Asks: 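Structure provided below as structure tokens; questions to follow.
Quick caveat, the model's predicted, so the values are computed rather than measured. Letters go in sequence order (proteins before strands), and every chain restarts at 1.
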Number of protein chains: 2
Amino acid sequence: MSPRRSYDQYCSAARALDVVGDRWTLLIVRELLAGPRRYTDLHADLPGVSTDVLASRLKDMERDGLTTRRRLPPPGAAYVYELTGHGRELLSVLQALGEWGAPLLGDRRATDAVRAHWFALPLSRVLRDAGAGTGLVEVRLEEGEFHLWAGAEEGPVYGEGPAPEEPDARLTFDTATCVAVARGELSLPDAVREGRVEVRGEGALAKELREA
Amino acid sequence: MSPRRSYDQYCSAARALDVVGDRWTLLIVRELLAGPRRYTDLHADLPGVSTDVLASRLKDMERDGLTTRRRLPPPGAAYVYELTGHGRELLSVLQALGEWGAPLLGDRRATDAVRAHWFALPLSRVLRDAGAGTGLVEVRLEEGEFHLWAGAEEGPVYGEGPAPEEPDARLTFDTATCVAVARGELSLPDAVREGRVEVRGEGALAKELREA
DNA sequence: CCGGATCCGCTACGATACTG
DNA sequence: CAGTATCGTAGCGGATCCGG
């Protein structure tokens, strides 16, 4: 538990950094935007974070109203961490950071970890900017599979693995194409037109993506 | 100079945090959005930062292409630090952070430092959301005076002291009103209508603010 | 006075080991 | 599975000092 090292500045950006400025905090939020997660899952998808720092951050975040800790009902009783509404609103901060950081992404370094659902954040922005409407999208990459709710205003923004129900569209990418789209170098409609993305599904969202 | 403690994640938000995630970095950017600043000025407006951390951050930021260091011509020869275009684009990150942090602002604590130009960030967002157009605005508060360029896409976003040329509008606030507007609790047109903001000037921007 | 560099004590972080 | 305990290291804050 941190003794609250504050900037002590009457400025809303500084106040925000008092809460989310510590190392790992915003990346934990990024993970929790995928929905409720167990401690062990968080630790597995945040390579490099030590167990005590992760535990400490989760306590701080709960105290600050970013997350709640909940016990799942048996069977499989476990604790899960979940974003509150206030925590979920950090999505805009992560979007801004991700947009700014996109040109820095470059090629994947040998030391870089990757998780398929890390592409959900830039992809949801691409879908929003393309005016693709709302709906559940399932995405298949070489690195794995994830899904996202385009235009969702509550609940999880994305998640690992296949879509929990019949999606409105299914997209299949190769990594290079997904990276190019995520960086904004290649528009999604262009990628579809060039055959670099396979679009399946009969939902309105799938049709829009095919026709755009 | 930091030995580059990276998250080593192939994710654009994590890459951004590799560059701007260290303590003080984003607050230095906030200061430099006010235009070129000397080391001593930065140190004065960032109470709590130690001299070595400030020097180290400025070196890192220059290496990462966020800032440049320039010697002013005599008389008054001094070094000034200035944002590059890449650094200036962090404005959107600071806006998102500031918006998220606004509800946390609360009342000013006894330990809180204040600078008038820290209100420029939220105020420029208010002006943008009100569709107030572009122009130079001078703002007078009890804490001091600052100016901002509404809708500017290059150059400094705001600055301390009076406007460097004839402004398109002059606003005078009391602190409580400025805070309420900055937090989004009170719209700028409403504040004008209630007589809590004095609007002077004959520019288009001033007229819009009076009539809105 | 400006622009730092140096030193010192403290806290935060990262890695590993261990426990209910 | 979900953390706590321990320990070495790195980053931070405060003060002092120093060359231009």
Asks: Distance check needed: C:dC1 C1' versus B:Leu72 CG, whole Å only.
Replies: 16 Å
Asks: Atom CZ of A:Arg71 to atom P of D:dG3: distance rounded to whole Å?
Replies: 10 Å
Asks: Can you check the A:Asp22 CG to C:dT11 P distance for me, whole Å?
Replies: 15 Å
Asks: Using only side-chain N and O atoms of A:Trp24, determine if any of them is under 4.0 Å from OP1 or OP2 of C:dA12.
Replies: no
Asks: What is the distance from CG of B:Leu42 to P of C:dG4, rounded to the nearest Å?
Replies: 10 Å
Asks: Choose from C:dT6, C:dG3, D:dG3 the nucleotide whose nearest atom is closest to any side-chain atom of B:Arg38.
Replies: C:dG3
Asks: Using a strict threshold of under 4.0 Å (side-chain N to carboxylate O), is an ion pair present between A:Glu31 and A:Arg37?
Replies: no
Asks: Students often get this wrong, so: under 4.0 angstrom with heavy atoms, is A:Tyr79 touching a base, only sugar-phosphate, or nothing?
Replies: sugar-phosphate
Asks: OP1 or OP2 of C:dC1 versus the side-chain N and O atoms of B:Tyr39: is any pair under 4.0 Å?
Replies: no
Asks: Within a strict 4.5 Å, meaning less than it, do heavy atoms of the A:Glu145 and A:Val139 side chains meet?
Replies: no
Asks: With a non-hydrogen cut-off below 4.0 angstrom, is A:Arg69 in contact with a base, only sugar-phosphate, or nothing?
Replies: sugar-phosphate
Asks: Quick one: do the A:Ser124 and A:Gln95 side chains pair a donor with an acceptor below 3.5 Å?
Replies: yes
Asks: Below the 4.0 Å mark, does D:dA2 have OP1 or OP2 next to a side-chain nitrogen or oxygen of A:Thr40?
Replies: yes
Asks: Reading DNA chain D from 5' onward, which residue's closest nucleotide shows up sooner: A:Tyr7 or A:Val80?
Replies: A:Val80
Asks: Rounded to the nearest angstrom, tell me the gap between atom CG in B:Asp52 and atom P in C:dT6.
Replies: 10 Å
Asks: Whole angstrom is fine here: how far is it from CZ in B:Arg70 over to C1' in C:dG3?
Replies: 17 Å
Asks: State which of D:dC12, D:dG14, C:dC13 makes the closest approach to the side chain of B:Ser50.
Replies: D:dG14
Asks: Between the base of C:dA5 and the side chain of B:Thr51, is one N or O donor paired with an acceptor at under 3.5 angstrom?
Replies: yes
Asks: So which heavy atom on B:Val29 is nearest to which on B:Met61, and how close?
Replies: CG2-CE, 3.7 Å
Asks: Out of D:dC12, D:dG13, D:dG3, which nucleotide sits closest to the side chain of B:Arg57?
Replies: D:dC12
Asks: Check whether any side-chain nitrogen or oxygen of B:Arg23 sits under 4.0 Å from OP1 or OP2 of C:dA12, and answer yes or no.
Replies: no
Asks: When the distance from CZ of B:Arg5 to C1' of D:dC12 is rounded to whole Å, what number comes out?
Replies: 11 Å
Asks: Taking atom types as modelled, find out whether A:Thr25 and A:Asp22 have a side-chain donor-acceptor pair closer than 3.5 angstrom.
Replies: no
Asks: To the nearest Å, how far apart are A:Lys59 NZ and D:dG3 C1'?
Replies: 8 Å
